Amino acid sequence: MDPAASRPAVVIDNGTGYTKMGFAGNVEPCFIVPTVVAVNESFQNQARGSSKSSNWLAQHSAGVMADLDFYIGEEAHARSRSSSVYNLTYPIKHGQVENWDAMERFWQHCIFNYLRCDPEDHYFLLTESPLTAPESREYTGEIMFETFNIPGLYIAVQPVLALAAGYTTSKCEMTGVVVDVGDGATHVVPVADGYVIGSSIKSIPISGKDVTLFIQQLMRERGEHVPPEDSFEVARKVKETYCYTCSDIVKEYNKHDKEPAKYIKQWKGVKPKTGAPYTCDIGYERFLGPEVFFSPEIYSSDFSSPLPVVIDKCIQSAPIDTRRALYKNIVLSGGSTMFKDFHRRLQRDLKKIVDARVLASDARLGGEVKAQPVEVNVVSHPIQKFAVWFGGSVLGSTPEFFEACHTKAEYEEYGASICRTNPVFKGMY
Amino acid sequence: MILLQSHSRFLLQTLLNRLHNLEKGVELDYHWVEFDDVRYHVQVSMKNPHLLLLSLSLPTPPPETDFPGGLPSGAIEAVKAAYAGVVQILDPPRDGFNLTLKLNFSKFPPDEERRQALLVKIASVREIVLGAPLRALLKHLTSKTISSDMDRLVALVHRPNESFFVIPQMEKVIVVFPMRFKDSIDTVLATSFLQEFVQARRTAGLNNAPPCLWSSSPPLELKKAPAEALLANAGFVSFVIFPRHVEGKKLDRTVSSLSTFHAYVSYHVKCSEGFMHTRMRRRVESLIQALDRAKPDVEKSKNLANNRSFKRLSLKEAHANSHS
């Protein structure tokens, strides 16, 4: 038997905002770090600027050292703040890898500095968004097999893993709609029996980052004294700590106006440049931030369908025999669904739409045939934030996983094209 | 990052997390694997939140190494000396592991600085256990005591079924690493990396570093070693350690650098592969750009004109067509 198969597989879920990494078989990822790389680019510019007559060997070795001189995650943020030599690069944008050099470096640090494992010893499970191009999968395979020499690779589709995370021992429900609201992309993906219904995937141009931007804008317009260079980070922290979903905007405004002491929170921070402490108030943005998903018109004028309407459209476009099952199992995943009561609000709004449709059809038929009520169920679980990772961990610890992987031998025989297709998309067509 | 850190990052994070939320009882059960097949297992139960069970499994030793009771010789004493008071060694260890330690958080020193130092030390448990025999040998060098295994060949495990060799002498200790790699490309890269490594030692700034040598055939010191231990596809690296390299605090660093030497080389081989790929990608991109520029402009303008999917017929033509 392959000795690598006896060791736990490495599961890395690269999101736009955060990367979750760890070993299969655990309940939590080992590390959750921001997907960012701080690269030292001072050497590159220098080499170009100076004349060739200077000692090129010294420059060459300095350049080689600079190649190892980078940081990822929280360390990257800290480094770029303390010195101007490092530039921040975000390798993933809107759920797609944009900068492969940075991505390769990011993986390198994930494997050697964070997980500290030998990539030759482990199978790898990586994730991708449902709309990833085949070329990007090929690139991933190439980097993983060529650079890191891994024995086997499986690239899983995030929503399928999120469904697998709800996997309880008694029943394994692999039919459902996954509402994946990440930092960079929002997808509504219907899955039937583990196969993605590719033609019905809906995307929304509003994601976690937009919530942050909206909060930042609200605070700026109210004139809170947040230093401009820090305001995005503060908005992000406010979003993560204080935001919640309200049931009705007008009522919520009234509540805030009646008892400001109860609802308005204080934020304390230190100015990064001068070191002076400051405070600011957090008011309506606590519930207005998440409201962006339910009434997008308050944030952008280009896009105005609320999330529940998009989910409903998505299910209505799926094959008719799967629709009831899809309504029954709507699974939330991604960090931006973590707002308090997000699932309640979603369920209520969706139920309203569905009930209205049932009533309308009853009226049209004139009461001769009664439609069976449709069960709408939004599932939320405490591990929503890393549901995709947990699904990967569950999948990676099954013995079938090692058979489903693309192996190094296959890669050497056929090349990167083995990663082009993903079996979960095949079933329905 | 040039050198690998000696402590396990995840273990340190878990310990810190536990120490900061001591009053909150949680159920923890983590297991993970590090390079060279060192496995960890951490368990905390709801009932005793201030106790933590840490189990460690080591790479399978090759036959030539001395491995009494599933641990390198002197490991138990080293663990006892390093974590006096807070750690208890459980016997027998957890099933499938070589060593199980019971940590008691209530006995940790209250002083923040000392506590941090202790945590880092616990997180580098791998080095304390696996590096124990090497540390003992190097200690003899500083104290100038004559140990029983003078001039004898000592094999120490560092990877599954692989060992490196230590030859203690009166004035110096010679450490020889047979380097093996699975992949053929890795082997080539590692060979040139090691040659470069030996070259780099000769530059002026590194006069005080331990002298090191690389050769493709086994050095003379390994005459007595078993034949199968001498099969190495990337040659042999030997270091000569003098007493000045193990004085005082330098001992810890020397032990950790030597015991992670193979992982260090393998990390840099992977880094250079990544480096080459970056260059290759950049080259491909520039070539594609050049190709795009080389396309004749005629084609472009033609494309624009033919953008409509159907050909518009003039009235006359349409008329003619309908009659034909």
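Chain identifiers are assigned alphabetically (A, B, ...) following the order of the sequence lines, protein sequences preceding nucleic acid strands; residue numbering begins at 1 within each chain. What you see is a predicted model; the values in this text were computed from it and never measured.
The structure places CD of B:Glu273 at 10.5 Å from CD of A:Gln108, a figure rounded to the nearest 0.5 Å. With rounding to the nearest 0.5 Å, the separation of CD in A:Glu104 from SG in B:Cys271 is 9.5 Å. A:Glu28 contributes atom CD, which lies 7.5 Å from atom CG of B:Leu28 (distance to the nearest 0.5 angstrom). Rounded to the nearest 0.5 angstrom, B:Arg279 CZ and A:Asp101 CG are separated by 8.5 Å. With rounding to the nearest 0.5 Å, the separation of CD in B:Gln13 from CZ in A:Phe31 is 5.0 Å. For the atom pair OH of A:Tyr114 and CZ of B:Phe10, the computed distance is 13.5 Å after rounding to the nearest 0.5 Å.
Only the side chain of A:Tyr139 comes within less than 4.5 Å of a heavy atom in chain B; its backbone stays farther off. Contacts between A:Trp107 and chain B at a heavy-atom distance below 4.5 Å are absent for every atom of the residue. Both the backbone and the side chain of A:Glu120 come within contact range of chain B, judged by heavy atoms closer than 4.5 Å. For chain A, the nearby part of B:His7 is the backbone; its heavy atoms alone come within less than 4.5 Å.
The two residues B:Tyr267 and A:Leu68 have their closest heavy-atom pair at OH-CD2, 4.2 Å. Of all heavy-atom pairs spanning A:Phe148 and B:Lys270, the tightest one is O-CE, 3.3 Å. Heavy atoms only, all atoms of each residue included: A:Cys117 and B:Val33 are closest at CB-O, 3.9 Å. Of all heavy-atom pairs spanning B:Arg9 and A:Arg116, the tightest one is N-CD, 3.9 Å. When all heavy atoms of B:Glu34 and A:Leu115 are compared, the closest pair comes out as CG-O, 4.3 Å.
Proximity of B:Gln5 to A:Asn113: side-chain heavy atoms (C-beta onward) are separated by under 4.5 Å at one or more points.
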Subject >> Worked check of side-chain contact (heavy atoms from CB on, under 4.5 Å) between A:Glu142 and B:His277 >> reply: CA-CA 10 Å; A:Glu142 207 173 285; B:His277 281 158; over 6 Å; no

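The most heavy-atom pairs under 4.5 Å with chain B, out of A:Asp121, A:Asn149, A:Val27, come from A:Asn149.
In this structure, B:Leu22 places its CG atom where more than 12 heavy-atom neighbours from other residues, nucleotides or ligands lie under 6.0 Å away.
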